[in-house]
Amino acid sequence: MTLRFDIPEENFADILVKAFTNRSFLTGFVITIVVAAVAIVSFFWTPFDVTRLIIADKTQAPSPAHWFGTDHFGRDILSMIMVGARNSIAVALVAVGIGMGVGVPLGAFAAARGGIVDEAVMRLNDLVFAFPALLSAIMITAIFGPGALNAIIAIGIFNIPVFARVARAGALAIWPREFILAARAAGKGKTLITLEHVLPNIVTLLLVQGTIQFALGILAEAGLSYVGLGTQPPMPSWGRMLFDAQTRMVAAPWMAIFPGMAIVVTVLGLNLLGDGIADILDPKSRRQR
Amino acid sequence: MTAYLLKRLAIALITLVLASMVVFAVLEIIPGDPARLMLGLNASADQVELLRNQMGLNAPLALRYLHWAGGLLSLDFGRSYTYSVPVIDLVRERVVVSLPLALIALALSTIIAVPVGLFSAGRHGRAGDTIAMGAAQLGVAVPNFWFALMLIYLFAVWLRLVPSGGFPGWSAGVWPALKSLILPAIALALPQAAILARVTRSALIEVLNEDYIRTARAKGLPFRAVLWRHALRNAMIPVLTILGLQFAFLLAGTIIIENVFYLPGLGRLVFQAITQRDLIVVESVVMLLVAAVIAVNLLVDLSYAVVDPRLRSRQ
């Protein structure tokens, strides 16, 4: 058992100063805000209507009218990327919600109980880990058919063991500490201690993992839509746009370049944000993948 | 040591059995009667019933599971509804594409990532480290299928160095076959290498802060020797863990990449099977990949014991 010292409380102002001097956080924060803003704006306004097909304008190269060019149906790529951002964020966010909502209680419960309960939860984790996200997506698709909802479920299921592991590892490190002992001496039950003392102390870990899973979720959604298992047309999605681009690589490379860059920038932003948060709130926290 | 090995083995077996139950259950939930599917819409109820009996579909659930699982153990996966050949034959044809692809990608990723990790850890905080890790950060964010499209555009469409897709088969010679696996392997490997490089670096940096590293330096060993001989070995455990996880990702990842390059591997097989609702094939390939993932994780657990002698002596 290593000796532990409690880190002195930091006030909010200190954290803010650290945040705005952290290059990683700042870059990630700005990118994430921009992507989120683009997604929100797409609800009210896009340069062109993404549901209107204008065949006369098909596969136009980037121009002042169409900054990122047009696709094989004459739709504006920039507008489609904007609407696709909304779709990607929604899928990844809900999938993270599922993973946290189920995984964190499971992990915290396993850590609190220990023994056979812990062992059972961990074996269940192994089981889910044995099905890579794409495989579970394939099975879910085989049952219910393709669609954005099934993509969310598949990515969400894959997120559960990730959060369970992080929550369990974090909670196990908190349980031996003095303030837990004090709480137990005060007669608090394990559930109450978990809610009042353990969870607040692992929020940072969960937040960092949350941004990583968010980024992975966006990659997974794009992959699933690309192979036709995720979001279905006519709803624009980044993965689907890349699928459409594949057979037109020679004639219209912009159809592939820009949606891919949208994915890279978004994922990069989220990863930088996660790194930044980890640095700021707890220099010792380790990223887990 | 023996206790550790036995526990790991037991866990792997339990996971495998549970996974097979999940896969079997999925097939049970799926709407649609395989017998009706095979006979077509015009078949009479009697004919369907007869085939159901022949296929053993009317047996009790537990018995059918045992029959199916027993079949898996003897590599009898059943017959494909659409191809009318044993599934194992289809798998055997396809695995010679998917497995080499995943292995080449894994090797490539390791060859790139470990030296980059060593380089970065050795220059912790300096310009070289910042540049390498910036590149890794970018690599993590790149979806492999998009990277694949860009590679096709550059190397197949522009430079015409390699084919843009398809697979001539190993019978066409090793080199032509390998040539068509190069781009898919690079596309799979680079994003994985970025993750692995980051893990290698952070594991090394953690180890380099240990007392025994200072001792090794104090006794006059050059930094390079310390890095390679003392630090790398001790940093291997997290690296191996990630390698194991990555193999799972690579196996699953080949499913998408095979579709980009039109490679006739397990991934293409699964997709065709899904669209044709050939569920026996879907189920068998999923089960096979899951078994591979579990086996690799077991191997990783065992390799801990090889890398870390402390695990060997612990009872």
Side-chain angles (χ1 to χ4, degrees), chain A residues 23-24 119 122-146 212 215-216 218-220 222-224 226-229 238-239 242-243 245-246 249-250 253 256-257 259-261 263-272 275 286-289, chain B residues 11-12 14-16 18-19 21-23 26-27 29-31 137-138 140-150 152-153 156-157 164 191 195 198-199 202 206 238 242 245 248-253 255-256 259-260 267 270-271 273-275 277 279 282-283 285-286 289-291 293-294 297:
Chain A
R23 221 176 348 162
S24 202
E119 193 71 17
M122 293 318 285
R123 293 296 76 78
L124 214 61
N125 262 351
D126 288 344
L127 177 63
V128 181
F129 264 130
F131 291 85
L134 198 66
L135 276 189
S136 46
I138 284 171
M139 294 220 303
I140 287 170
T141 322
I143 311 173
F144 302 110
I212 294 169
L216 286 177
I218 284 179
L219 282 176
L224 290 176
Y226 173 78
V227 289
L229 300 185
W238 295 343
L242 289 177
F243 171 79
Q246 188 180 350
M249 280 302 287
V250 184
I257 292 169
M261 279 177 30
I263 299 172
V264 173
V265 168
T266 307
V267 174
L268 186 67
L270 285 167
N271 282 338
L272 287 172
D275 274 8
R286 289 270 167 267
R287 290 163 56 100
Q288 293 202 3
R289 267 192 190 271
Chain B
I11 288 173
I14 292 170
T15 313
L16 193 61
L18 287 176
M21 286 177 175
V22 170
V23 173
V26 165
L27 197 76
I29 306 169
I30 287 173
Q137 187 72 265
L138 194 65
V140 173
V142 173
N144 57 17
F145 56 94
W146 180 65
F147 188 52
L149 288 178
M150 297 294 117
I152 293 177
Y153 191 59
V157 177
S164 65
I195 297 173
R198 286 169 61 98
V199 173
S202 60
E206 197 159 319
I242 297 296
L245 280 177
F249 276 112
L250 284 174
L251 277 177
I255 296 181
I256 290 187
N259 275 282
V260 182
V270 164
F271 273 102
I274 285 182
T275 44
R277 300 200 62 75
L279 298 170
V282 178
E283 178 190 49
V285 176
V286 167
L289 291 179
V290 167
V293 170
I294 293 172
N297 286 339

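Naming convention: chains lettered A, B, ... in sequence-line order (proteins, then strands); numbering from 1 in each chain. Computed from a predicted model, the values in this text were never measured in an experiment.
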Heaviest contributor of heavy-atom pairs below 4.5 Å to chain A, chosen from B:V270, B:I14, B:T15, is B:T15

Closest non-hydrogen contact found for A:P253 with B:Y153 is CG-OH, 3.4 Å

d(B:N259 CG, A:F243 CZ) to nearest 0.5 Å is 8.5 Å

Minimal heavy-atom distance between A:L127 and B:A19, with the atoms involved, is CD1-N, 3.3 Å

Worksheet item: Would B:V23 and A:F131 satisfy side chain to side chain contact (heavy atoms under 4.5 Å, CB included), going step by step from the backbone distance to the final call?
Response: CA-CA 10 Å; B:V23 173; A:F131 291 85; 3.8 Å; yes

Residues passing the side chain to side chain donor-acceptor pair (under 3.5 Å) test with A:D126, sequence neighbours excluded, are A:R123, A:R165

Check whether any side-chain heavy atom of A:V264 sits under 4.5 Å from a side-chain heavy atom of B:W146, and report yes or no. yes

The reported gap from CG in A:N271 to CD in B:Q137 (rounded to nearest 0.5 angstrom) is 5.5 Å

Sequence neighbours excluded, the answer for side chain to side chain donor-acceptor pair (under 3.5 Å) partners of A:R23 is none

Does A:Q246 use its side chain to pair, donor to acceptor, with the backbone of B:V260 at less than 3.5 Å?
yes

If one checks every heavy atom of A:A215 against chain B at 4.5 Å, the contacting part turns out to be neither

Rounded to the nearest 0.5 angstrom, the CD1-CG distance for B:I256 and A:L224 is 6.5 Å

Cut-off 4.5 Å, heavy atoms of chain A, and the answer for B:F147 is neither

Residues B:V290 and A:A130: closest non-hydrogen pair is CG2-O, 3.6 Å

Between B:A141 and A:V267 the two heavy atoms that sit nearest each other are CA-CG1, 3.5 Å

Assert top hit (heavy-atom pairs under 4.5 Å, partner chain B, pool A:I257, A:T266, A:V250) equals A:I257

Bottom line for A:M122: the part with an atom under 4.5 Å from chain B's heavy atoms is neither

